[in-house]
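Residues take their numbers from the sequence shown, with the count starting at 1. Excluded from the calculations below are hydrogen atoms, water molecules and symmetry mates; all remaining heavy atoms, backbone and side chain alike, are included.
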Amino acid sequence: MNQQSQKIQNPETNVPKTPQMNERDFVNDQLSTEKYMTDAYNIALNEASNQNLYNDLAAIFKETQDCQRDLFNLMFKKGWYTMEQADQQKMQQSYQQFSGYKNQLPYQ
């Protein structure tokens with residue numbers, strides 16, 4: 001049974017469609033930047049050998065991650081970010097697959 005995917009989206013806040021950047025463009029640019037930065041901080045955390053440096057990077061990473069989440073929530077609230085509803089059957093299959101992996105782990 002092939003179900004058609006359903007979009008999850010709030011009503012879209014209209015912005016001017018002009019060559020100049022509008023509010024949506026600016027927020028989207030900020031969100032992309034925050035995503036890039038969290039990726040970079042994650043790599044830096046994996047590579048940090050000094051505990052004080054690691055602690056500072058971890059604090060900055062958390063702030064950046066929180067900012068990214070706030071921007072995502074803003075875009076979703078304004079209807080500028082759309083997601084597709086997950087298929088229940090696929091979710092159940094994934095859950096069963098990964099639950100089986102859990103039995104292979106040495107700790108439980």
Side-chain angles (χ1 to χ4, degrees):
M1 182 163 132
N2 188 4
Q3 296 179 352
Q4 188 160 350
S5 64
Q6 295 179 330
K7 300 241 184 237
I8 300 172
Q9 181 178 15
N10 288 313
E12 186 171 346
T13 301
N14 290 323
V15 290
K17 307 275 194 246
T18 64
Q20 291 79 27
M21 288 183 69
N22 55 41
E23 180 185 8
R24 179 180 183 223
D25 296 332
F26 282 112
V27 175
N28 190 51
D29 185 56
Q30 289 175 315
L31 179 60
S32 296
T33 299
E34 295 298 326
K35 286 179 178 182
Y36 172 79
M37 289 174 60
T38 56
D39 286 344
Y41 282 124
N42 187 47
I43 292 168
L45 284 167
N46 289 333
E47 301 291 327
S49 60
N50 179 284
Q51 188 61 46
N52 290 333
L53 175 60
Y54 178 86
N55 293 342
D56 288 344
L57 288 170
I60 296 167
F61 173 83
K62 172 77 170 100
E63 291 173 12
T64 305
Q65 191 79 29
D66 291 346
C67 184
Q68 175 186 330
R69 185 66 183 175
D70 291 344
L71 289 166
F72 164 80
N73 287 335
L74 174 65
M75 289 195 71
F76 185 73
K77 179 182 173 184
K78 290 186 173 266
W80 299 336
Y81 206 104
T82 303
M83 295 178 282
E84 290 192 22
Q85 184 174 357
D87 178 87
Q88 280 300 115
Q89 184 177 1
K90 286 182 182 179
M91 286 180 49
Q92 186 62 33
Q93 288 171 345
S94 293
Y95 176 79
Q96 289 173 351
Q97 177 184 359
F98 289 105
S99 293
Y101 291 158
K102 188 168 75 172
N103 296 330
Q104 299 173 19
L105 298 173
Y107 51 88
Q108 294 198 24

Pairwise distance [atom1]([X]) to [atom2]([Y]) - rounded to 0.5 angstrom:
X     : Y     : atom1 : atom2 : result
Asp87 : Gln92 : CG    : CD    : 11.0 Å
Gln65 : Asn42 : CD    : CG    : 8.5 Å
Tyr95 : Gln88 : OH    : CD    : 13.0 Å
Phe61 : Asp66 : CZ    : CG    : 9.5 Å
Asp70 : Met75 : CG    : CE    : 13.5 Å
Gln51 : Asp56 : CD    : CG    : 10.0 Å

What are the two closest non-hydrogen atoms of [X] and [Y], and how far apart are they?
X     : Y     : result
Phe76 : Asn10 : O-ND2, 2.7 Å
Leu31 : Leu71 : N-CD1, 3.8 Å
Thr64 : Tyr41 : OG1-CE1, 3.7 Å
Ala48 : Leu57 : CB-CD1, 4.2 Å
Asn52 : Asn50 : N-OD1, 2.9 Å

Item to check | Ion pair check, Glu84 and Lys7, cut-off under 4.0 Å | outcome: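 The answer is yes: the pair qualifies as a salt bridge.
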Item to check | Sequence-distant partners of Phe72, ring pair (Phe, Tyr, Trp, His ring centres under 6.0 Å), two or more places apart | outcome: Tyr81
Checklist entry - Taking only residues two or more places apart in sequence or in another chain, which ones pass ring pair (Phe, Tyr, Trp, His ring centres under 6.0 Å) with Phe98? => result Tyr101
What residues, two or more places apart in sequence or in another chain, satisfy side-chain contact (heavy atoms from CB on, under 4.5 Å) together with [X]?
X     : result
Glu63 : none
Asn22 : Val15, Pro16, Arg24, Asp25
Gln20 : Thr18

Next on the checklist: For the CE atom on Met91, are there more than 12 heavy atoms of other groups (residues, nucleotides or ligands in this structure) within a distance under 6.0 Å?
Outcome noted: no
Item to check | Heavy-atom neighbours of Tyr54 OH exceed 12 at 6.0 Å | outcome: no
Checklist entry - Out of Thr33, Asn73, Thr38, which one pairs with Gln68 under the side chain to side chain donor-acceptor pair (under 3.5 Å) rule? => result Thr38
Item to check | salt bridge (charged side-chain N to carboxylate O under 4.0 Å, His left out) involving Lys35 - partner list, sequence neighbours excluded | outcome: none
Checklist entry - So, does Gln9 use its side chain to make a donor-acceptor pair with the main chain of Gly79 at under 3.5 Å? => result yes
Linking I/L/V/M/F/W/Y whenever any side-chain heavy atoms sit under 4.5 Å apart, do [X] and [Y] land together?
X     : Y     : result
Ile43 : Ile60 : no
Met21 : Val27 : no
Trp80 : Phe26 : no

